[in-house]
Amino acid sequence: MSKLLIVGTVAFDAIESPFGKTDKILGGAATYIGLSASNFSVPMAIVSVVGDDFPKKDIQMLKDRNIDVSSLEIVQDGKTFFWSGRYHNDMNSRDTLETQLNVLENFTPVVPQNFKNAEVVMLGNLHPLVQLSVIKQMEVRPKLIVLDTMNFWMDVALDDLKKTIAEVDVITINDEEARQLSGEYSLVKAARVIAKMGPKYVVIKKGEHGAFLFYKEQVFFAPALPLEEVFDPTGAGDTFAGGFTGYLANVDDYSFESMKKAIIHGSNLASFCVEKFGTERMQELTKTEINQRLRQFKELTQFEIELA
């Protein structure tokens, strides 16, 4: 079992979808990643920042999931990062209604001393130079560094992003972002271009259509479980990343075969996240539910066929 270091946002979200709307609720990439990874009982810490308006009950909830929050900086008289968005009827596209960086604007992550030797580092979506600063704080090269990013950084900080990508082992992005970063429409070609930037593994997420894992000339695909209702896709990609890194830290095996299983675990946990608004579903999730749905994934993809 390995230590998992998570760097990203702990935030407030306000969400509108065809199924309803919320006021300010708990959100943020690091929150979703941590809640998802906590299902694997690995030692983990979150490095992030909030204002003193952040509820103590939410900090306690993270502690109760055995997540080290000693490096969750609380800025006195500061306001927590806030994002508001509205999803379209297809639940895949959305409009950002409001973004308030607040304390995130001047955030400089500080890796706790007892996690500077973490074997797995999950870099949630932040400015690429902030992500790079975390890598430079590690005392030894982690066994696995996973990077999540988005098209915004490709628009405004592409050179910095490429510097950071060159230092990581795995990049996780969606299909639209992969096409923008690579300049290729074919995801196979896109993955090949991105791999040349540095990462050994390229994970391309396709939302309700599953996820691809590319390694050298090998490709693995994990479907998304068909769901009757999707209430809120917010955090699904981060939940996927938490399941992915949580599983790998738990087994301490970073081979292609292990990555394939990690993709399934990530997809499985992400399928729960979308069933309720915000983090609600992830907070109430049980091991029994997780295992039952894993069996559904297995049945969805398992078949026998005779080859002539």
### Task
Could you walk me through whether Phe107 and Phe81 pass ring-ring contact (aromatic ring centres under 6.0 Å, His included), step by step?
CA-CA 11 Å; Phe107 174 49; Phe81 173 65; over 10 Å; no
Under a 4.5 Å cut-off applied to non-hydrogen side-chain atoms, are [X] and [Y] in contact?
X      : Y      : value
Met61  : Ile59  : no
Asp68  : Phe115 : yes
Val50  : Leu72  : yes
Ile145 : Val170 : no
Ile46  : Leu5   : no
Leu181 : Ile165 : yes

### Summary
Residue set satisfying ring-ring contact (aromatic ring centres under 6.0 Å, His included) with Phe231, at least two apart, ordered chain then number -> Phe19
### Query
By ring-ring contact (aromatic ring centres under 6.0 Å, His included), which residues pair with Tyr201, not counting sequence neighbours?
Tyr215
Please check: side-chain N/O of [X] versus main-chain N/O of [Y], any donor-acceptor pairing under 3.5 Å?
X      : Y      : answer
Glu98  : Ser84  : no
Glu284 : Arg281 : no
Thr31  : Val10  : no
Thr279 : Met282 : no
Ser267 : Ala224 : no
Asn39  : Ser36  : yes
Thr245 : Ala241 : yes
Glu275 : Leu227 : no
Asn250 : Phe40  : yes
Asn174 : Glu177 : yes

### Task
If the plane angle is over 60° it's perpendicular, under 30° parallel, otherwise tilted; pick one for Trp83 and Tyr87.
perpendicular
### Message
Parallel, tilted or perpendicular, judged at 30° and 60°: which one describes the rings of Tyr247 and His265?
### Response
parallel
About how many Å separate [atom2] of [Y] and [atom1] of [X], when rounded to the nearest 0.5 Å?
X      : Y      : atom1 : atom2 : answer
Lys261 : Ile264 : NZ    : CD1   : 11.0 Å
Asp155 : Leu158 : CG    : CG    : 9.0 Å
Asp148 : Thr172 : CG    : OG1   : 3.5 Å

Got a sec: does the [atom1] of [X] have more than 12 other heavy atoms crowding it under 6.0 Å?
X      : atom1 : result
Lys56  : NZ    : no
Asp159 : CG    : no
Lys189 : NZ    : no
Asp23  : CG    : no
Lys200 : NZ    : no

Inspect the contact between [Y] and [X] and indicate whether a charged nitrogen and a carboxylate oxygen are less than 4.0 angstrom apart.
X      : Y      : value
Lys79  : Asp53  : no
Glu176 : Lys205 : no
Asp58  : Lys63  : no

If every non-hydrogen atom of [X] is compared with every non-hydrogen atom of [Y], which pair is closest and at what distance?
X      : Y      : value
Val168 : Thr164 : CG1-O, 3.4 Å
Phe214 : Val188 : CE2-CA, 3.9 Å
Pro199 : Ile194 : CD-O, 3.5 Å

### For Met1, the option from Asp252, Val42, Val251 that meets side-chain contact (heavy atoms from CB on, under 4.5 Å)
Val42
So, [X] and [Y]: side-chain donor and acceptor under 3.5 Å apart, yes or no?
X      : Y      : result
Asp232 : Ser17  : no
Asp95  : His88  : yes
Glu139 : Gln113 : yes
Gln296 : Asn268 : no

#### Entry: side-chain contact (heavy atoms from CB on, under 4.5 Å) evaluation trace for Val47 with Ile6
CA-CA 6 Å; Val47 178; Ile6 300 164; over 6 Å; no
### Task
Apply side-chain contact (heavy atoms from CB on, under 4.5 Å) to the pair Leu144 and Val121, showing each step before the final yes or no.
CA-CA 6 Å; Leu144 192 77; Val121 175; over 6 Å; no
### Message
Working note: Val49 + Thr80, criterion side-chain contact (heavy atoms from CB on, under 4.5 Å); need CA distance, chi angles, decisive distance, verdict.
### Response
CA-CA 8 Å; Val49 62; Thr80 301; over 6 Å; no
### Message
Under the criterion salt bridge (charged side-chain N to carboxylate O under 4.0 Å, His left out), I'd like the reasoning laid out for Lys3 against Glu119: C-alpha separation, chi angles, the key distance, then a yes or no.
### Response
CA-CA 6 Å; Lys3 288 182 181 177; Glu119 293 87 350; over 6 Å; no
### Message
In this structure, is the centre-to-centre distance between the rings of Phe221 and Phe212 below 6.0 Å?
### Response
yes
### Message
Can you see whether Phe272 has Arg293 sitting over its ring - NZ or CZ less than 6.0 Å from the centre and within 45° of the normal?
### Response
yes
### Message
Quick one, Gln131 with Asn125, criterion side-chain hydrogen bond (donor to acceptor under 3.5 Å, both in side chains). Give me CA distance, side-chain angles, the key distance, then yes/no.
### Response
CA-CA 8 Å; Gln131 295 172 320; Asn125 177 33; 5.4 Å; no
